[in-house]
Amino acid sequence: MIHASLPELRRALDARQISSVELATLFLDRIDALNPALNAFITVDREGALAAARAADERIAAGQAGALTGIPLAHKDVFCTEGVLTTCGSKMLSNFVSPYDAHVVGLLKAAGAVGLGKANMDEFAMGSSNESSFYGPVKNPWQLAHVPGGSSGGSAAAVAARLAPIATGTDTGGSVRQPAAFCGITGIKPTYGLVSRYGMIAYASSLDQGGAFGASAEDCALLLSAMAGFDPRDSTSLERPAEDYTAALAAPASARPLEGLRIGLPREFFAEGMAGDVRAAVEAALVQYRALGATTVEVSLPNAKLAIPAYYVIAPAECSSNLSRFDGVRYGHRAAEYGDLADMYGKSRAEGFGAEVKRRILVGTYVLSHGYYDAYYLQAQRLRRLIAQDFQVALQQCDLIAGPTTPTTAWALGQMADDPVQMYLSDIYTIAVNLAGLPGLSQPCGFGADGLPVGLQLVGDYFGETRLLNAAYRFQQATDWHARRPAIAA
């Protein structure tokens with residue numbers, strides 16, 4: 001059962017081959033055994049999980065089970081969960097027990113999913129390696145001396161090591177797709193606004209988007225179908241009819257199921273900067289896509305090179321505003337000793353925030369300050385529009401855009417600790433997708449020379465999640481990269 005797909009788990013639960021309580025206990029015991037080595041979870045909610053599992057068993061017995069009823073999952077610790085510690089990977093919120101559920105959490109509870117606990121993450125979702133967490137770094141299940149990617153590294157590591165069959169994550173500049181690539185699983189970031197941000201602790205509000213992790217595209221489709229939906233409490237939530245992202249996956253199989261699909265290959269993604277072993281795996285995957293009937297065309301994203309500088313103006317600017325609420329007054333960490341109110345603010349924030357969060361707050365405050373707002377923030381927003389326009393031009397020539405998810409495989413823990421700019425560059429292929437608000441998916445497509453997974457990124461047009469998931473699903477029917485497991489997951 002540990003390695004079963006969601007459809008297999010559904011059939012087993014419905015056939016009473018295993019109960020929800022037994023399944024939850026199986027994964028909870030596995031977390032107890034493996035989490036000390038991986039550090040993928042901050043909080044494990046055994047009592048809450050077993051209570052939810054008992055309720056799921058009652059629904060199943062009454063014939064009222066849905067696709068996720070009784071299925072265990074992990075939530076990234078950025079999603080507020082009623083009655084459960086919600087830390088955002090920070091000392092600032094190390095004592096915060098949320099009084100309410102995020103919209104995503106509420107939807108998944110209503111679907112009958114069983115929350116196992118809260119997954120580790122980069123502090124306030126700021127990072128690309130999951131090393132900035134107050135609770136210590138997460139380890140990559142494939143090689144424990146390497147990073148799992150970030151900021152949703154705990155969620156990705158949990159799914160890769162089968163501590164949970166599925167997990168939620170958030171993606172601000174690649175934080176679902178990049179750890180999915182590093183950990184050898186599938187991860188999808190939907191169109192901006194498709195998943196509500198209510199109760200998702202904010203980093204950069206115009207970029208943050210909830211996403212899904214699973215071993216396969218099919219598992220991600222099932223999870224995303226339950227997560228997506230309009231929420232009037234989120235002003236950026238899109239009011240659209242509910243969509244079943246698994247519907248297209250049921251289409252009859254054929255030797256060339258992707259006949260007619262046009263895949264665009266941006267010349268900028270295949271220029272300098274990509275490691276040779278990543279290039280080899282990506283090109284082999286594209287050969288497989290052609291064998292499945294797809295055709296490839298060269299496209300251009302001429303402003304893609306501007307994505308990193310634009311992102312690292314916009315995201316810190318929004319972060320400096322969003323994190324101003326953490327002042328030690330209403331909730332969160334408060335300094336033990338202080339002289340007056342201003343001193344309390346200063347000491348509480350100095351003690352509560354880690355180095356990477358402080359760095360981004362300082363950068364964001366600077367670019368929003370008088371005299372620099374026009375020169376930096378407004379200019380970055382103009383570049384953002386150019387980047388979005390490039391994607392629209394490219395997507396007139398193709399149905400999907402493909403390329404590497406990351407320029408290299410996962411690096412060693414501590415390798416980039418003293419070079420944050422180099423770490424920022426690891427998101428060079430993912431950030432532009434967030435700036436444009438487009439959906440993106442990463443799927444495993446091979447391994448590098450070091451034995452670590454390589455991810456292939458697919459990018460679609462707005463609301464193109466079904467096409468993305470179908471393309472990845474057909475690829476996964478013809479290959480077994482998504483079925484490979486690290487030794488720790490045996």
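Both backbone and side-chain heavy atoms feed into the values below; hydrogens, waters and symmetry mates do not.
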Over-ring placement of R279 relative to F270, 6.0 Å and 45° cut-offs: no
How about L400 and L468: do any of their side-chain heavy atoms sit closer than 4.5 Å? yes
For residues A158 and A40, report the shortest heavy-atom separation together with the two atoms involved. N-CB, 4.2 Å
Quick one: does M121's side chain get under 4.5 Å of Y135's, heavy atoms only? no
Where L452 and A410 come nearest, the two heavy atoms and their spacing: CD1-O, 3.4 Å
For Q392 and D461, does a side-chain donor sit closer than 3.5 Å to a side-chain acceptor? yes
Nearest non-hydrogen partners of A4 and L9, listed with the distance: CB-CD2, 3.7 Å
Does one side chain, of R384 or N434, offer a donor that lies under 3.5 Å from an acceptor on the other? no
Quick one: do L28 and V44 satisfy side chain to side chain contact (heavy atoms under 4.5 Å, CB included)? Show the steps, please. CA-CA 8 Å; L28 288 165; V44 179; 3.7 Å; yes
Intermediate values then yes/no, side chain to side chain contact (heavy atoms under 4.5 Å, CB included), I71 and L13: CA-CA 9 Å; I71 301 294; L13 287 165; 3.9 Å; yes
Nearest heavy-atom approach of V278 to P407 is CG2-O, 3.7 Å
Polar side chain donor-acceptor pair, T168 to H75, under 3.5 angstrom: yes
So T466 and L249, do their side chains get closer than 4.5 Å, heavy atoms only? no
Keeping the roles fixed (side chain from Q476, backbone from A217), state whether a donor-acceptor pair exists under 3.5 Å. yes
Distance check, rounded to the nearest 0.5 Å: L286 atom CG versus L456 atom CG? 6.0 Å
Separation between NZ of K118 and CG of D77, rounded to the nearest 0.5 Å: 4.0 Å
Side-chain polar contacts of residues 412-420 - donor-acceptor pairs under 3.5 angstrom, sequence neighbours left out - could you list them?
| unit_1 | atom_1 | unit_2 | atom_2 | d |
| --- | --- | --- | --- | --- |
| Q415 | OE1 | A412 | N | 3.1 |
| D419 | OD1 | Q422 | N | 3.3 |

Below 4.5 Å, heavy atoms only, C-beta onward: do S225 and E243 meet side chain to side chain? no
Side chain to side chain contact (heavy atoms under 4.5 Å, CB included) between Q457 and L441, worked out: CA-CA 6 Å; Q457 178 177 219; L441 175 148; over 6 Å; no
Using side-chain heavy atoms (C-beta onward) and a distance below 4.5 Å, is L107 in contact with K109? no
With a 4.5 Å limit on heavy-atom distance, are the side chains of T409 and P453 in contact? no
Under 3.5 Å: donor-acceptor pair, side chain of D219, backbone of L6: yes
Can a donor-acceptor pair be found, under 3.5 Å and without considering hydrogens, that links the side chain of S19 to the backbone of E22? yes
Smallest separation among heavy atoms of R290 and R256, with atom names: O-NH1, 3.9 Å
Distance only, no hydrogens: is a donor on one side chain within 3.5 Å (strictly under) of an acceptor on the other, for T246 and E218? no
To the nearest 0.5 Å, tell me how far L116 CG sits from T43 OG1. 12.5 Å
Do S152 and K76 have side-chain atoms, one donor and one acceptor, less than 3.5 Å apart? yes
Passes side chain to side chain contact (heavy atoms under 4.5 Å, CB included), F27 versus L163? Steps please. CA-CA 6 Å; F27 280 101; L163 304 187; 5.7 Å; no
When rounded to the nearest 0.5 angstrom, what distance separates CD1 in I166 from OG in S5? 11.5 Å
Taking every heavy atom of C445 against every heavy atom of F475, the minimum-distance pair comes out as CB-CZ, 4.4 Å
Sub-3.5 Å donor-acceptor pair from the side chain of E123 to the main-chain atoms of E356, do we have one? no
Please check if any side-chain donor atom of N120 sits under 3.5 Å from a side-chain acceptor atom of S133, or the reverse. yes
Strictly distance-based, threshold 3.5 Å: is any side-chain N or O of E131 a donor or acceptor partner for the main-chain N or O of V147? no
Any donor-acceptor pair under 3.5 Å from Y289 side chain to A402 backbone: no
M126 CE to R360 CZ distance, which is reported to the nearest 0.5 Å: 6.5 Å
Taking the side chain as every heavy atom from C-beta outward, state whether P439 and V459 have any pair of such atoms under 4.5 Å apart. no
Is there side-chain contact between P444 and T186, with at least one heavy-atom pair below 4.5 Å? yes
For a quick check under 3.5 Å, do T430 and R177 share a side-chain donor-acceptor pair by atom type? no
Looking only at atom types and distance, does a side-chain atom of D122 sit under 3.5 Å from a main-chain N or O of N130, one as donor and one as acceptor? yes
So does R467 have more than 12 non-hydrogen atoms from other groups sitting under 6.0 Å from CZ? no
Kindly state each residue pair satisfying ring-ring contact (aromatic ring centres under 6.0 Å, His included) with at least one member in residues 406-461, sequence neighbours excluded. W142-F447, F182-W411, F269-Y429, Y312-Y424, F447-W481
So does A161 get a backbone contact from the side chain of R30, meaning a donor-acceptor N/O pair under 3.5 Å? yes
For Q178 and T405, test the side chains for any donor-to-acceptor distance below 3.5 angstrom and give the result as yes or no. no
Please confirm whether the backbone N or O of L301 pairs with a side-chain atom of E268, one donor and one acceptor, at under 3.5 Å? yes
For the pair D208 (side chain) and Y203 (backbone), establish whether a donor and an acceptor sit closer than 3.5 Å, ignoring hydrogens and angles. yes
Approximate separation, where rounding is to 0.5 Å, of T170 OG1 and F79 CZ: 6.0 Å
